Amino acid sequence: MKIIQLVYSLCSGGAEKFVVDLSNEMARRGHDVTLCMLLDDAPEGRAFNKQFLSPAVHFRSLHFERGFSLGKVRAVEKFILGERPDVVHCHLNVIPYVFRLAMTRRKIKFFHTLHNVAEKACGTSAQKRINRFFYARRWIRPITISRLCQESFVRFYHLPPAPHIDNGRSVVAPSTVLSAVKQEVNGYKAAASTPVFVHVARCDAQKNQRLLISTFNRLDKEGTDFCLLVLGAGYGSDEGKQLQQAACNKIHFLGEKGNVGDYLLCADAFCLTSRFEGLPISLLEALSCGLTPVCTAVGGIPDVVTDGETGYLSAVSEEGYHQALLRFLHRRIEPEKLKAHFRANYSIAVCAEKYLTLFQK
């Protein structure tokens with residue numbers, strides 16, 4: 001098939017990373033794949049994940065600045081019609097750019113993956129009504145990324161369940177600087193036996209880093225040996241600076257990294273304290289490295305993590321998260337068990353097969 005993957009940017013977010021992985025896997029299987037990014041790819045950070053794109057995938061930036069306009073709609077339409085694809089696969093909230101084509105060019109199949117619960121994956125109330133109009137007529141076919149996201153779709157749009165395909169991820173591979181990262185991480189540890197926790201997420205209210213920092217500060221006051229590595233963008237903001245000032249000296253803020261996998265490969269556990277989620281790509285990366293997840297039980301996380309078997313879950317509270325961390329410190333889950341769980345259910349190969357089957361129906 002000739003497939004266009006349409007995404008707003010390729011910043012360092014999980015959904016953007018997923019689009020690159022999915023495009024790479026579909027191209028590897030012999031499909032003609034173009035990844036089209038709407039924003040201009042020149043400004044720093046907008047195309048962070050472009051570095052991971054396979055040479056087999058065609059890349060196109062439409063060089064938009066932020067903001068919606070009919071002129072930009074026409075530019076997207078011109079690009080799609082020039083490519084003559086079988087499938088246009090939209091990600092995040094780019095579907096307003098294809099509404100007119102979805103009505104008039106019925107030979108092209110339009111799909112939209114909602115990368116969060118439905119109410120968070122939609123813009124205004126007016127767009128909700130327009131989205132529902134297109135979903136109901138199957139002019140744009142929605143896809144959800146977890147059971148909870150599927151349930152939220154039914155509840156939010158009052159429509160039958162959209163197909164559900166769990167997110168997937170490529171197996172994390174070490175970079176050429178892994179040995180240097182190991183030395184760096186060892187420098188943060190008080191002893192060879194110090195457990196290393198890693199948190200990978202932008203600084204954002206959704207990710208709830210205040211809960212993360214307060215709980216690890218509590219462990220520090222209790223005399224627990226650990227080190228926590230915090231990776232991601234946005235910690236130079238006022239909120240990020242406050243978090244850094246509040247954190248104990250066992251918590252290390254490392255910023256945005258192009259080699260996140262190296263830090264995962266040097267860690268023992270993966271931490272998320274989110275208030276809500278779809279199905280985090282960072283969680284799947286951690287599983288592929290054999291890290292034990294210690295996460296709040298929100299969104300699609302409980303679909304991936306069975307409490308006490310493939311990780312530890314908690315309520316969104318300091319007491320609940322504290323208990324989950326103590327359970328991990330008391331009993332770590334065998335890394336090979338977690339890697340096998342990932343390969344069987346959440347590899348990008350498994351995920352891409354499900355998408356291609358849906359496209360071909």
Side-chain angles (χ1 to χ4, degrees), residues 2-11 13-20 22-23 33-41 43 46-47 49 59-145 149-150 152-160 162-163 165 206 276 278 355 358-359:
K2 189 174 178 63
I3 301 166
I4 293 176
Q5 304 281 0
L6 194 64
V7 67
Y8 195 61
S9 82
L10 286 179
C11 67
E16 291 81 2
K17 187 177 294 184
F18 169 78
V19 175
V20 169
L22 187 64
S23 300
V33 182
T34 297
L35 195 161
C36 178
M37 167 179 157
L38 299 188
L39 287 184
D40 187 357
D41 62 339
R46 287 185 179 180
N49 276 300
F59 174 77
R60 176 74 179 271
S61 167
L62 296 186
H63 303 292
F64 293 170
E65 291 305 319
R66 296 190 181 277
F68 180 82
S69 71
L70 286 178
K72 292 176 182 177
V73 170
R74 287 192 288 270
V76 171
E77 292 173 343
K78 181 179 179 182
F79 166 72
I80 292 174
L81 292 175
E83 291 292 311
R84 301 178 66 183
D86 302 300
V87 169
V88 175
H89 185 189
C90 302
H91 298 269
L92 300 167
N93 196 25
V94 302
I95 58 173
Y97 293 93
V98 302
F99 282 149
R100 296 198 309 189
L101 279 186
M103 277 195 299
T104 59
R105 302 290 175 142
R106 305 292 294 281
K107 288 185 178 181
I108 303 173
K109 299 177 185 177
F110 289 88
F111 293 86
H112 177 217
T113 293
L114 288 73
H115 287 275
N116 212 325
V117 290
E119 57 270 25
K120 301 293 183 180
C122 180
T124 63
S125 58
Q127 189 181 333
K128 174 187 174 181
R129 292 192 293 272
I130 299 171
N131 287 1
R132 188 184 186 283
F133 176 85
F134 280 85
Y135 294 154
R137 285 156 182 79
R138 294 175 56 80
W139 293 347
I140 298 177
R141 297 163 171 85
I143 304 168
T144 57
I145 62 170
C149 291
Q150 187 182 58
S152 74
F153 178 88
V154 173
R155 184 174 61 251
F156 187 69
Y157 285 110
H158 303 289
L159 290 171
I165 299 176
Q206 174 192 347
F276 61 89
Y355 269 101
L358 185 62
F359 291 171

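Every value quoted in this text rests on a predicted model; they were computed, and no experiment measured them. For this chain, numbers begin at 1 and follow the sequence in order. Any value given below was found using the heavy atoms of this structure, including those in side chains, with hydrogens, waters and symmetry copies removed.
Between the CG atom in L62 and the OH atom in Y97 there is a gap of 9.5 Å [rounded to 0.5 Å]. Atom OG1 of T113 and atom CZ of F18 lie 6.0 Å apart (nearest 0.5 Å). A distance of 5.0 Å separates CZ of R141 from CZ of R138, quoted to the nearest 0.5 Å. Distance check, rounded to the nearest 0.5 Å: OG1 of T144 to CG of N116 gives 11.5 Å. Rounding to the nearest 0.5 angstrom, the gap separating the CZ atom in F79 from the CG atom in L101 is 11.5 Å. Note: I145 CD1 to L114 CG = 8.5 Å, rounded to the nearest 0.5 Å.
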Problem set entry | Stepwise side chain to side chain contact (heavy atoms under 4.5 Å, CB included) test for L92 and E16 | CA-CA 9 Å; L92 300 167; E16 291 81 2; 3.4 Å; yes
Exercise. Please walk me through it: do F64 and V76 pass side chain to side chain contact (heavy atoms under 4.5 Å, CB included)?
Worked result: CA-CA 10 Å; F64 293 170; V76 171; 3.8 Å; yes
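Scored by the side-chain hydrogen bond (donor to acceptor under 3.5 Å, both in side chains) test, Q5 finds H89, H91 as partners (sequence neighbours excluded). R84 meets the side-chain hydrogen bond (donor to acceptor under 3.5 Å, both in side chains) test with no other residue; sequence neighbours excluded. Residues forming a ring-ring contact (aromatic ring centres under 6.0 Å, His included) with Y8 (at least two apart in sequence, or on another chain): none. Every residue meeting the side-chain hydrogen bond (donor to acceptor under 3.5 Å, both in side chains) condition with Y157, not counting sequence neighbours, appears here in chain and number order: N131. Partners of F59 by ring-ring contact (aromatic ring centres under 6.0 Å, His included), not counting sequence neighbours: none found.
At a threshold of 4.5 Å between non-hydrogen side-chain atoms, the residues P142 and I140 do not count as touching. Put simply, the side chain of E83 does not reach to within 4.5 Å of the side chain of V88, judged on heavy atoms.
The minimum heavy-atom distance between G278 and C149, with the atom names listed, is CA-SG, 3.7 Å. Nearest approach of Q127 to C122, heavy atoms of both residues: C-SG, 4.2 Å. Considering all non-hydrogen atoms of both residues, S152 and A118 come closest at OG-N, 2.9 Å. The two residues N93 and A121 have their closest heavy-atom pair at OD1-O, 4.3 Å. Scanning both residues, P96 and V73, for their nearest heavy atoms gives O-CG2, 4.3 Å.
Within the 6.0 Å centre-distance limit, the rings of W139 and F133 are counted as a close aromatic pair. If you look at Y135 and F153, their ring centroids are closer than 6.0 Å.
Within a 6.0 Å radius of CZ in R105, no more than 12 heavy atoms belonging to other residues, nucleotides or ligands are found. Annotation: K2, atom NZ; neighbour count of heavy atoms from other residues, nucleotides and ligands within 6.0 Å is above 12.
For the pairing with I108, the side-chain contact (heavy atoms from CB on, under 4.5 Å) check across V98, V87, I80 returns one residue only, I80. Evaluated for a side-chain contact (heavy atoms from CB on, under 4.5 Å) with H63, the options D40, L38, L39 yield exactly one hit, D40.
The backbone N or O of M103 sits nowhere less than 3.5 Å from a side-chain atom of R137 that would complete a donor-acceptor pair. Between the side chain of Q150 and the backbone N or O of P163, no donor-acceptor pair lies under 3.5 Å.
Within the structure, no pair that satisfies the salt bridge (charged side-chain N to carboxylate O under 4.0 Å, His left out) test touches residues 106-120, not counting sequence neighbours.
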